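Just so it is clear, the model here is predicted, and its values are computed rather than measured. By convention here, the first residue in the shown sequence is residue 1.
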Amino acid sequence: MTIETTDTLVVGGGQAGIATSEHLTKLGIPHIVLERGRIAERWRSQRWDSLVANGPAWHDRFPNLEFTGEGPDDFPAKERIADYFVEYTEKFTAPIRTGVEVKSVERNEGEAGFTIETSAGTIKANRVVAATGPFQVPVIPAIAPEDDSLYQIHSADYKNPQQMPEGAVLVIGAGSSGVQIADELRASGKEVYLSVGPHDRPPRSYRGRDFVWWLGVLGLWDAEAMAPGTEHVTIAVSGAYGGHTVDFRALAQQGITLVGRTASFANGKVTFESDVKANIERGDDNYLSLLDAADAYIERNNLDLPEEPEARNFLPMPECATNPILELDLKEAGITSIIWSTGFGVNYDWLKVDTFNEKGYPLHQRGVSREPGVYFVGLPWLSRRGSTFIWGVWHDAKHIADHIATQCKYLKYNEIASSQAEEPRKAAI
């Protein structure tokens with residue numbers, strides 16, 4: 001079988017792979033992008049039906065293409081986002097091959113580069129960019145009960161309320177996905193319990209500007225690392241219903257029963273921590289801190305933005321938070337299903353190089369791994385807080401492409417210098 005060669009192989013045809021391909025194309029670096037599904041597959045198949053972007057169209061996009069058919073402040077639906085990426089690849093004729101799975105990447109012995117085994121044959125490349133993103137493997141904690149009478153799925157497999165069996169639902173995890181799924185289930189008539197852990201809760205908008213704008217002008221997108229102790233803090237924000245601030249008090253008023261972090265399952269019962277009120281108050285503190293920073297910015301820069309004092313008004317703390325449920329008998333509560341909105345992990349089993357820690361997470365500096373020639377794009381906090389957002393991925397990909405271009409220049413110089421040194425030697429023979 002013929003072995004194909006290229007300079008750089010990009011693994012993944014989502015937003016990270018597409019952004020990387022655009023920058024490599026501009027720099028004239030030969031490359032191939034392999035995607036095992038369709039372009040932007042995870043937007044299509046690992047999201048629920050009603051999902052919309054968590055950021056407005058003017059912000060959550062690549063710089064060189066605006067969304068069409070939506071207003072700048074609209075929140076595009078998931079299928080529209082996937083179509084947007086298809087349109088983007090057509091702008092620069094991205095060399096993407098879909099339906100091709102990468103099975104292994106190994107460094108060559110005795111020669112530069114890597115050998116890549118795929119479902120469509122063998123490729124040799126000088127460099128490999130892992131652009132498979134942060135949402136690779138749905139994570140369900142070990143505490144999940146082994147109970148065939150319960151319908152249990154990860155949020156990646158949730159599509160709509162119609163797929164759920166009769167009975168109440170326990171949604172575990174109150175980040176953006178968990179909150180929106182719980183809200184949708186309650187609106188469909190389901191009885192819903194929502195397990196709330198530590199979270200940040202930014203305002204959807206404040207004084208006429210979306211929170212993504214505030215994070216930008218306040219420099220918060222550029223934070224280079226999580227604050228200590230916030231590694232397990234989720235963010236509760238939503239673009240649903242035209243965009244609104246997530247309010248756990250309001251969710252309780254709508255009939256969702258809030259509980260603390262899920263601690264354990266045993267003998268048909270589930271236990272919760274007593275921290276639901278503390279977690280809500282912590283989210284409130286985060287919310288108010290952003291309002292304070294925004295007010296200070298407006299005053300400092302003398303901006304003419306409307307005051308919004310009502311943004312600081314809170315509904316009463318719900319009874320389910322002040323007198324929390326610590327244990328539930330699942331059958332007595334009528335709970336027949338559990339949705340685990342508990343995040344994702346990574347899986348780089350196919351990338352057989354020495355650049356991972358003991359937990360299998362990549363070791364890198366701004367996406368440049370400790371294994372020469374191997375790069376990562378699309379991971380959380382790759383370079384800063386905004387790295388997993390569409391526009392943040394684009395800028396991170398530019399850094400990686402520039403690094404690859406620099407390496408190509410060094411190798412080109414070596415070829416030229418070696419050729420020039422060879423000429424006098426030949427002349428002397």
Working note: S155 + S177, criterion side-chain hydrogen bond (donor to acceptor under 3.5 Å, both in side chains); need CA distance, chi angles, decisive distance, verdict.
CA-CA 7 Å; S155 57; S177 296; 4.8 Å; no
Does [X] pair with [Y] as a salt bridge, N-O distance under 4.0 Å?
| X | Y | answer |
| --- | --- | --- |
| E41 | R38 | yes |
| K78 | D83 | no |
| E4 | K124 | no |
| E310 | R207 | no |
| R385 | D222 | no |
| E371 | R107 | yes |
| R249 | D284 | yes |
| K91 | E87 | no |
| R44 | E79 | yes |

For the pair [X] (side chain) and [Y] (backbone), establish whether a donor and an acceptor sit closer than 3.5 Å, ignoring hydrogens and angles.
| X | Y | answer |
| --- | --- | --- |
| N286 | D200 | no |
| N347 | V137 | no |
| D329 | K331 | yes |
| N126 | G113 | no |
| D285 | R282 | no |
| R370 | D354 | yes |
| E35 | G37 | yes |
| K159 | S45 | yes |
| R261 | S195 | no |
| N160 | S50 | no |

Are any of the side-chain heavy atoms of [X] and [Y] separated by less than 4.5 Å?
| X | Y | answer |
| --- | --- | --- |
| V52 | D74 | no |
| Y151 | Q163 | yes |
| S119 | K103 | yes |
| I116 | V11 | no |
| L9 | L34 | yes |
| I280 | L258 | yes |
| L150 | D147 | yes |
| R204 | F75 | yes |

Distance-only polar pair, side chains of [X] and [Y], donor-acceptor under 3.5 Å:
| X | Y | answer |
| --- | --- | --- |
| E101 | W350 | no |
| H364 | T355 | no |
| E184 | Y158 | yes |
| T68 | R80 | yes |
| E22 | W394 | yes |
| Y241 | D183 | yes |

About how many Å separate [atom2] of [Y] and [atom1] of [X], when rounded to the nearest 0.5 Å?
| X | Y | atom1 | atom2 | answer |
| --- | --- | --- | --- | --- |
| I153 | S337 | CD1 | OG | 7.5 Å |
| D157 | R47 | CG | CZ | 12.0 Å |
| L379 | Q136 | CG | CD | 7.5 Å |
| K352 | E106 | NZ | CD | 6.5 Å |
| L251 | I256 | CG | CD1 | 4.5 Å |
| T388 | W381 | OG1 | CH2 | 9.0 Å |

T336: side-chain contact (heavy atoms from CB on, under 4.5 Å) partners, not counting sequence neighbours
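Residues passing side-chain contact (heavy atoms from CB on, under 4.5 Å) with T336: P165.
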What's the shortest heavy-atom distance between [X] and [Y], and which atoms?
| X | Y | value |
| --- | --- | --- |
| A263 | I143 | O-CG2, 3.9 Å |
| A168 | A333 | CB-O, 4.0 Å |
| A240 | Q180 | CB-OE1, 4.1 Å |
| G208 | E308 | N-OE1, 4.4 Å |
| Y297 | L303 | CE2-CD1, 3.6 Å |
| V179 | V246 | CG1-CG1, 3.7 Å |

Looking at [X], I'd like to know if its [atom1] atom is crowded, meaning that more than 12 non-hydrogen atoms belonging to other residues, nucleotides or ligands lie closer than 6.0 Å.
| X | atom1 | answer |
| --- | --- | --- |
| N64 | CG | yes |
| N301 | CG | yes |
| E327 | CD | yes |

Y361-Y348 aromatic ring centre distance below 6.0 Å:
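Between Y361 and Y348, the centre distance exceeds or equals 6.0 Å.
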Can you tell me how the ring of F67 sits relative to the ring of Y84, calling it parallel under 30°, perpendicular over 60° and tilted otherwise?
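F67 vs Y84 ring planes: parallel.
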Quick one: sort the F62 and Y88 rings into parallel, tilted or perpendicular, breaks at 30° and 60°.
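It falls in the perpendicular class, over 60°.
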Salt bridge (charged side-chain N to carboxylate O under 4.0 Å, His left out) between E166 and K190: does it pass, once the steps are laid out?
CA-CA 8 Å; E166 291 292 326; K190 286 282 189 185; 5.2 Å; no
Applying ring-ring contact (aromatic ring centres under 6.0 Å, His included) as the test, list every pair that has at least one member in residues 195-227; sequence neighbours left out.
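ring-ring contact (aromatic ring centres under 6.0 Å, His included) check on residues 195-227 returns H59-W221, H199-F248, W221-F389, W221-W391.
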Residue of the set P203, P202, S238 for which side-chain contact (heavy atoms from CB on, under 4.5 Å) holds with T245:
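The side-chain contact (heavy atoms from CB on, under 4.5 Å) with T245 is passed solely by P203 among P203, P202, S238.
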Go through S205 and D210 one step at a time and tell me if the side-chain hydrogen bond (donor to acceptor under 3.5 Å, both in side chains) criterion holds.
CA-CA 4 Å; S205 65; D210 193 90; 5.9 Å; no
Looking at Y287, does the NZ or CZ of R201 lie under 6.0 angstrom from its six-membered ring centre and within 45 degrees of the ring axis?
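Here R201 passes the 6.0 Å and 45° test against Y287.
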Step by step, work out the salt bridge (charged side-chain N to carboxylate O under 4.0 Å, His left out) result for R300 and D295.
CA-CA 9 Å; R300 184 169 63 251; D295 287 341; over 6 Å; no
